[in-house]
J.: 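Pasting a structure below so you can have a look.
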Number of protein chains: 2
Amino acid sequence: MTIRSERLTSAVPPGSAAPVSTCAVAVDVALLTVLDGRLKLLLVEPDAPQLAGHWALPGRRVRDDESLDDTAHRALAELAGVRAPDAHLEQLRTYGDPSRDPRGRVVSVAYLALTPTTHDPTDPLTAQLWDVEQLGTQDGPRLAYDHDRIVPDALERARSKLEYTSLAAAFVADVFTLGELRRVYEAVWGVSLDPANFRRKVVSARGFVTEAEGLASPGPGGGRPAKRYRRGPATRLHPAMLRP
Amino acid sequence: MTIRSERLTSAVPPGSAAPVSTCAVAVDVALLTVLDGRLKLLLVEPDAPQLAGHWALPGRRVRDDESLDDTAHRALAELAGVRAPDAHLEQLRTYGDPSRDPRGRVVSVAYLALTPTTHDPTDPLTAQLWDVEQLGTQDGPRLAYDHDRIVPDALERARSKLEYTSLAAAFVADVFTLGELRRVYEAVWGVSLDPANFRRKVVSARGFVTEAEGLASPGPGGGRPAKRYRRGPATRLHPAMLRP
DNA sequence: TTAATAGTGTCTTTTAGACAATATATA
DNA sequence: TATATATTGTCTAAAAGACACTATTAA
C-alpha cells in the first residue's frame with residue numbers, strides 16, 4: 001500500500017454533478033429449494049424475442065422508493081408466481097461489468113433465496129425448477145445475460161454457508177426430522193452422509209436445533225418414527241458442519 | 001414457498017420503459033490494514049459543508065464504462081492517495097435503502113480492501129487510519145451517511161474470513177514470519193494467541209504457507225530469528241483457523 | 001418375515017488447547 | 001547476564017469418521 005499526500009480531488013457528494021452515469025439498477029434472484037432429495041434452481045423464460053430458448057434468473061429493475069429486498073420479492077412474485085415472504089433472502093453480490101448487458105449499463109444486485117421444499121411445481125410454461133446437476137450440461141438450460149456467472153456463485157455460497165451457519169434449516173419446514181435435514185445437506189453438497197455421525201454433529205452444534213414434541217410418521221417404505229425438531233437460536237454453528 | 005401459475009407479468013428487458021428509476025450508483029471502500037499490531041480503518045473527511053466533523057469511507061460514483069472494481073481503486077486513489085493495485089479487494093454488499101442518502105436515491109456497492117502494513121501514514125488533513133477499537137466511542141470519528149452500518153459489516157467479514165480462508169496473508173508482505181501473521185490474527189480478532197499452537201495450526205493447514213529461504217532478523221528487543229514463509233496455493237483452509 | 005429408516009455404542013484418528021522446555025537473538 | 005521471541009515437546013480434551021448394533025415402523 002502506498003499512501004501519499006498528493007493533491008487530492010475533493011469529494012463529490014452523491015447527487016451533485018460529476019462525470020458519472022446513472023445506471024439502471026436491477027435485482028436478480030437465485031432461488032434454491034430441495035425437491036425429491038435434489039437441489040433445484042428456479043429459472044424463468046424471458047419473453048424477449050432475442051432470448052428465445054434461454055432461461056434467466058427472475059429479475060426486475062428497482063423502483064423508486066423500493067428497497068432492494070422488496071425488488072427481490074417482487075421479481076419472484078411477478079415472474080414466477082412465487083410468494084415467499086418468509087424465505088431466507090440474502091444478497092449474493094453485485095454484477096456491474098459495463099458490458100454485461102448489451103443494451104446498456106445495468107448494475108444487477110444478485111440475491112440468494114432459500115425456501116422449504118413443497119410439492120407445488122411451477123407452471124412449466126413460464127417458470128421451472130431445474131436440477132442444479134443439469135446446469136452446464138447439454139440437458140440443462142441455456143442461461144441469458146451473465147447469469148451463468150451468477151449461478152455458480154449462488155451455489156457456492158449456499159454450499160459454504162451450510163457449513164458454518166444454520167442455513168440448512170431454511171430449506172425445511174418449521175418442524176422437521178434430522179433425516180430431512182440430512183437430505184438437505186446431501187442434496188446441496190451432492191454427497192451422502194452417515195446418518196449416525198450427522199445426528200451427533202447436529203445435536204452437538206450448540207443451538208442448531210431444539211427437540212419438538214411427538215414423532216414423525218415413517219414414509220411408505222417403513223422405518224422407525226423420527227424425533228421432531230425445530231430451529232434453535234444459533235446462526236453460526238460451533239462446531240461447524242464441515243463438508244466431507 | 002407458494003408457486004402459482006397465476007397471471008404472470010411479462011419480463012421487462014433491462015433498458016426498456018418501465019416504472020423504475022435510474023439510481024446513482026456509488027462505490028464505498030472499507031480499507032483495513034494492521035499498523036503497530038492494531039487494526040486500522042481508512043477514513044476521509046468529506047468536504048461537503050453539511051458534513052463538517054464527519055468522516056466517511058472513501059467513495060466515488062461509478063463512471064460510464066468503468067467496472068465497480070475500477071471505481072473502488074479510483075476512490076482510494078483520488079480521495080486518500082492510496083494506490084494499491086495488488087490489494088485484496090472484494091465486494092462486501094450493496095446498500096440500497098431508498099432513504100439512505102437524503103439527497104436522492106444512491107445505491108452504494110461497498111467493498112472491503114485489505115493491504116499489507118506500511119509505515120506510511122496518510123495525510124492527516126484529508127485521510128486518516130483510525131484504530132477500529134476507537135470506532136463507536138467518544139474518541140472515535142462520527143461517520144457520515146450510513147457508513148456506521150457498513151463498517152461493522154466490513155469488520156465482521158474480515159474477522160470471519162480469517163477463519164476459513166487464507167485472507168490473513170493479504171495483510172502481510174510477500175515474505176513474512178509466522179509471528180507477523182499471528183499478530184494479524186490478534187489485531188483483527190482482538191485476542192492474543194498462543195504462538196506454539198498458532199504455528200502448528202498454520203503449518204498443518206494444507207497450502208496456507210510455504211517455507212521461504214533464510215531467516216528474519218529479530219526486532220530491537222532480541223529474540224530467536226524466525227523462519228520466513230510465503231503464501232501457499234490454498235484459498236480455503238483445511239483445517240480452519242477458528243476464533244477462540 | 002424382510003426392508004427401510006432412526007438412533008445408540010464404540011473405537012480410531014485428527015484437531016484444539018494448555019503449558020513446559022529448548023533455541024537464538026538483543027541489551 | 002536477563003529478556004524477548006521463535007520453535008519443539010507433551011499431555012488432555014474435543015471433534016471427526018468408520019462401522020457394528022439396536023429400535024421401530026411398512027409391506
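A, B, ... follow the sequence lines: proteins, then strands. Residue 1 opens every chain.
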J.: Expressed in angstrom and rounded to an integer, what is the separation of Asp194(B) atom CG from dT15(C) atom P?
T.: 18 Å
J.: How many Å lie between CD on Glu163(A) and P on dA15(D), as a whole number?
T.: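 Checked: the CD to P distance equals 17 Å.
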J.: Nearest to the side chain of Pro239(B) - dA25(C), dT15(C), dA20(C)?
T.: dT15(C)
J.: Should the pair Arg38(A)-Glu186(A) be classified as a salt bridge under the 4.0 Å nitrogen-to-oxygen rule?
T.: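 Judged by the 4.0 Å cut-off on N to carboxylate O distance, Arg38(A) and Glu186(A) do not form a salt bridge.
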J.: Is the shortest distance from a Lys or Arg side-chain nitrogen in Glu90(B) or Lys161(B) to a carboxylate oxygen in the other one below 4.0 Å?
T.: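 Salt bridge flag = yes for Lys161(B) with Glu90(B).
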J.: Give one of base, sugar-phosphate or nothing for Arg206(A), where a contact means two heavy atoms less than 4.0 Å apart.
T.: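 Counting heavy atoms under 4.0 Å across all strands, the contact made by Arg206(A) is with sugar-phosphate only.
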J.: Output the single nucleotide from dT8(C), dT24(D), dT8(D) whose closest atom is nearest the side chain of Pro225(A).
T.: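 In terms of side-chain proximity for Pro225(A), the closest of dT8(C), dT24(D), dT8(D) is dT24(D).
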J.: Between the base of dG17(D) and the side chain of Arg200(A), is there any donor-acceptor pair under 3.5 Å?
T.: no
J.: Looking at Glu213(A) and Arg228(A), what are the two nearest heavy atoms and their distance?
T.: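 Scanning both residues, the minimum pair turns out to be O-NE, 3.3 Å.
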J.: Select base, sugar-phosphate, or nothing to describe what Ala196(B) touches, counting heavy atoms under 4.0 Å on all strands.
T.: base
J.: Atom CG in Leu162(A), atom CG in Leu242(A): separation rounded to 0.5 Å?
T.: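 The CG atom of Leu162(A) sits 11.5 Å away from the CG atom of Leu242(A).
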J.: Quickly work out the Glu211(B) CD to dA6(D) C1' distance and round it to whole Å.
T.: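 In whole Å, dA6(D) C1' and Glu211(B) CD are 13 Å from each other.
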J.: Set out, line by line, the N/O atom pairs under 3.5 Å between protein and nucleotides 21-23 of chain D.
T.:
residue : atom : partner   : partner atom : Å
dA23(D) : O4'  : Arg224(A) : NH1          : 3.0

J.: Between Met241(B) and Pro218(B), just flag the one whose closest nucleotide in DNA chain C comes earlier from the 5' side.
T.: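 Checking each residue's closest nucleotide, the 5'-ward one belongs to Met241(B).
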J.: May I have the distance from Glu180(A) (atom CD) to dG7(C) (atom P), rounded to whole angstrom?
T.: 11 Å
J.: Could you tell me if the side chain of Phe198(B) sits less than 4.5 Å from the side chain of Leu181(B), heavy atoms only?
T.: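 Contact flag for Leu181(B)/Phe198(B) side chains = yes.
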J.: Taking only the side-chain heavy atoms of Arg183(B) (C-beta and beyond), determine which of dA6(D), dT7(D), dT8(C) contains the nearest atom.
T.: dA6(D)
J.: Let me spell it out: for each of Gly219(A) and Pro195(B), pick the nucleotide of DNA chain D with the closest heavy atom. Which residue's pick is nearer the 5' end?
T.: Pro195(B)
J.: Would you mind reading off the distance between Glu186(B) atom CD and dT5(D) atom P, rounded to a whole angstrom?
T.: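 These atoms are roughly 11 Å apart.
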J.: When you look at Asp131(B) and Lys40(B), which way does the salt bridge (charged side-chain N to carboxylate O under 4.0 Å, His left out) test go after all the steps?
T.: CA-CA 5 Å; Asp131(B) 196 306; Lys40(B) 307 281 186 178; 3.7 Å; yes
J.: To the nearest angstrom, how far is Lys201(A) atom NZ from dA16(D) atom P?
T.: 5 Å
J.: Assess Arg93(A) against Tyr95(A): is NZ or CZ under 6.0 Å from the centre of the six-membered ring, and within 45 degrees of the ring's axis?
T.: yes
J.: Please test Arg142(A) against Trp55(A) for side-chain contact (heavy atoms from CB on, under 4.5 Å), starting from the C-alpha separation and ending with a verdict.
T.: CA-CA 6 Å; Arg142(A) 279 198 298 168; Trp55(A) 292 80; 5.9 Å; no
J.: Without decimals, in angstroms, what is the distance between Asn197(B) CG and dA20(C) C1'?
T.: 12 Å
J.: Given atom CZ of Phe198(A) and atom C1' of dA15(D), what is their separation to the nearest angstrom?
T.: 16 Å
J.: Nearest to the side chain of Arg182(B), which nucleotide is it out of dT25(D), dT8(C), dA6(D)?
T.: dA6(D)
J.: Need one value for Ala216(B): base, sugar-phosphate or nothing, where a base atom within 4.0 Å counts as base even if backbone is also close, heavy atoms only.
T.: nothing
J.: Tell me what Arg228(A) touches on the nucleic acid: a base, only sugar-phosphate, or nothing, going by heavy atoms under 4.0 Å.
T.: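 No contact at all - Arg228(A) keeps every heavy atom at 4.0 Å or more from the nucleic acid.
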